[in-house]
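Below is one structure, written out as structure tokens, with a few remarks after it.
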There are 2 protein chains.
Amino acid sequence: MDRDKAWTVEAVAERLGVTPRTLHYYEEKGLIPEVPRTPGGHRVYDEDTIERIEHILRLKEALGYSLQEIRSILDTEDRLKTYRTRIAEGQEPEHNVEMLADAVRLLENVVRHIDEKMTRLAAMREQYSDRLARIRARLQREEAAHRAVDASNGESE
Amino acid sequence: MDRDKAWTVEAVAERLGVTPRTLHYYEEKGLIPEVPRTPGGHRVYDEDTIERIEHILRLKEALGYSLQEIRSILDTEDRLKTYRTRIAEGQEPEHNVEMLADAVRLLENVVRHIDEKMTRLAAMREQYSDRLARIRARLQREEAAHRAVDASNGESE
DNA sequence: CCATAACCTAACGTTGACGTTAGTTTCCGA
DNA sequence: TCGGAAACTAACGTCAACGTTAGGTTATGG
């Protein structure tokens with residue numbers, strides 16, 4: 001496919017619903033690796049980087065993590081990726097047990113965080129949808145009453 | 001019960017896991033009504049207010065709303081409450097149809113917002129727990145290998 | 001009753017996550 | 001090839017949501 005299509009900042013920004021400044025900022029803060037440049041110095045984004053940014057935005061918007069927290073999550077994920085490629089290359093990386101244990105701890109925290117969030121959301125969703133149902137019913141009745149008044153007004157003219 | 005227990009700022013702050021400054025700030029921004037005072041001017045919180053603040057914190061932390069957005073949600077809920085008490089007092093409030101229609105719209109938005117959030121969270125939860133399971137398995141194997149090395153080292157001594 | 005812990009207001013400070021502007025340089029389609 | 005659109009860097013600005021400090025007042029347990 002066109003996974004190796006070259007994207008400009010503006011194109012990426014529009015696709016992701018952010019501004020170029022945000023993309024620069026994420027690069028500046030090390031959330032994405034330094035983006036390759038044209039000879040003239042313009043950034044050229046590839047699909048992998050864009051998906052990484054989408055991931056960042058999900059962590060931010062859905063989970064409410066700060067960019068710092070996101071960075072440490074991404075760092076862990078990057079370490080796991082390095083580990084996997086080393087394995088795939090037939091190497092036997094060192095410090096793997098500690099590294100994996102760290103990763104497990106962090107991912108457990110993320111999953112727990114998500115679970116807590118979903119639990120709270122479910123409770124609030126129930127509360128609000130119940131309330132909404134009751135108000136809708138109330139509105140139906142009020143509208144009926146309103147129409148009745150209009151009708152009798154119409155008759156009297 | 002002791003629903004009419006009097007709480008000091010610090011007690012409330014500790015119970016809710018925030019600072020006194022936050023409580024003052026919410027009052028200043030009109031998220032909670034002016035808190036009653038002792039003759040000397042110290043704030044005295046009651047259970048209702050504390051629960052309102054808990055509600056605010058949930059809207060903020062779980063749903064990610066800004067304090068401004070929360071304010072408009074609370075305003076709508078307050079209008080509904082006023083409406084209910086008017087009805088309970090046998091009055092027939094005016095502008096009820098528009099008011100209820102507005103409330104329905106706002107609550108629909110809230111519920112939709114929650115649903116979108118839960119959908120995204122569910123997807124991320126699956127992604128992360130799958131990943132976690134794989135890394136746990138990998139860690140098991142690494143630990144086994146590690147123990148095997150230790151054991152043979154022990155033998156050779 | 002008094003020491004000291006807790007509270008008050010007012011005001012300025014901080015931090016994260018970008019927005020904005022300025023001055024310059026590069027890209028690219030007619 | 002060339003002119004306007006788009007990108008670049010650097011730096012300062014902004015805004016929400018509190019944090020912090022100062023200087024003074026009130027509450028309360030021994």
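Throughout, protein chains are lettered first and strands after them, A, B, ... in sequence-line order, and every chain is numbered starting at 1. Hydrogens, waters and symmetry mates are skipped; everything else that's a heavy atom, side chains included, is used.
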- Salt bridge between A/Asp48 and A/Arg3, side-chain N to carboxylate O under 4.0 Å? yes
- Item | N-O pairing of A/Arg84 and A/Glu89 below 4.0 Å | no
- Rounded to the nearest 0.5 angstrom, the CZ-CD distance for A/Arg58 and A/Glu51 is 8.5 Å
- Query: When you check the gap from the basic side-chain N to the acidic O, do B/Arg136 and A/Glu108 get nearer than 4.0 Å?
  - Reply: yes
- Message: Output the rounded distance in Å from CD (A/Glu14) to P (D/dA7).
- Response: 11 Å
- Query: Which ones in residues 20-40 of chain B lie close to DNA chain D, meaning a heavy atom under 4.0 Å from one of its atoms?
  - Reply: B/Arg21, B/Thr22, B/Tyr25, B/Tyr26, B/Thr38, B/Gly40
- Note on the structure: Across all chains, not counting sequence neighbours, the side-chain contact (heavy atoms from CB on, under 4.5 Å) partners of B/Ala101 are A/Leu139, B/Arg105
- Query: Taking NZ, NE, NH1 and NH2 as the nitrogens, is one of them in B/Arg43 or B/Glu27 under 4.0 Å from a carboxylate oxygen of the other?
  - Reply: yes
- Query: Which residues in residues 49-69 of chain A have at least one heavy atom lying under 4.0 Å from any atom of DNA chain C?
  - Reply: A/Lys60, A/Ser66, A/Leu67, A/Gln68
- Query: Are A/Arg52 and A/Asp78 ion-paired here, with the side-chain N under 4.0 Å from a carboxylate O?
  - Reply: yes
- Item | Short side-chain N/O contact to D/dA7 OP1/OP2 from A/Thr8, under 4.0 Å | yes
- Between atom CZ of B/Arg15 and atom CD1 of B/Ile50, what is the distance when rounded to the nearest 0.5 Å? 4.5 Å
- Could I get the full list of side-chain contact (heavy atoms from CB on, under 4.5 Å) partners for A/Thr38, not counting sequence neighbours? A/His42, A/Val44
- Item | Non-neighbouring partners of A/Glu143 that pass salt bridge (charged side-chain N to carboxylate O under 4.0 Å, His left out), sequence neighbours left out | none
- Query: Which nucleotide of DNA chain C is the first, and which the last, in the 5' to 3' direction, to come under 4.0 Å of a heavy atom belonging to chain A?
  - Reply: C/dG16 to C/dC27
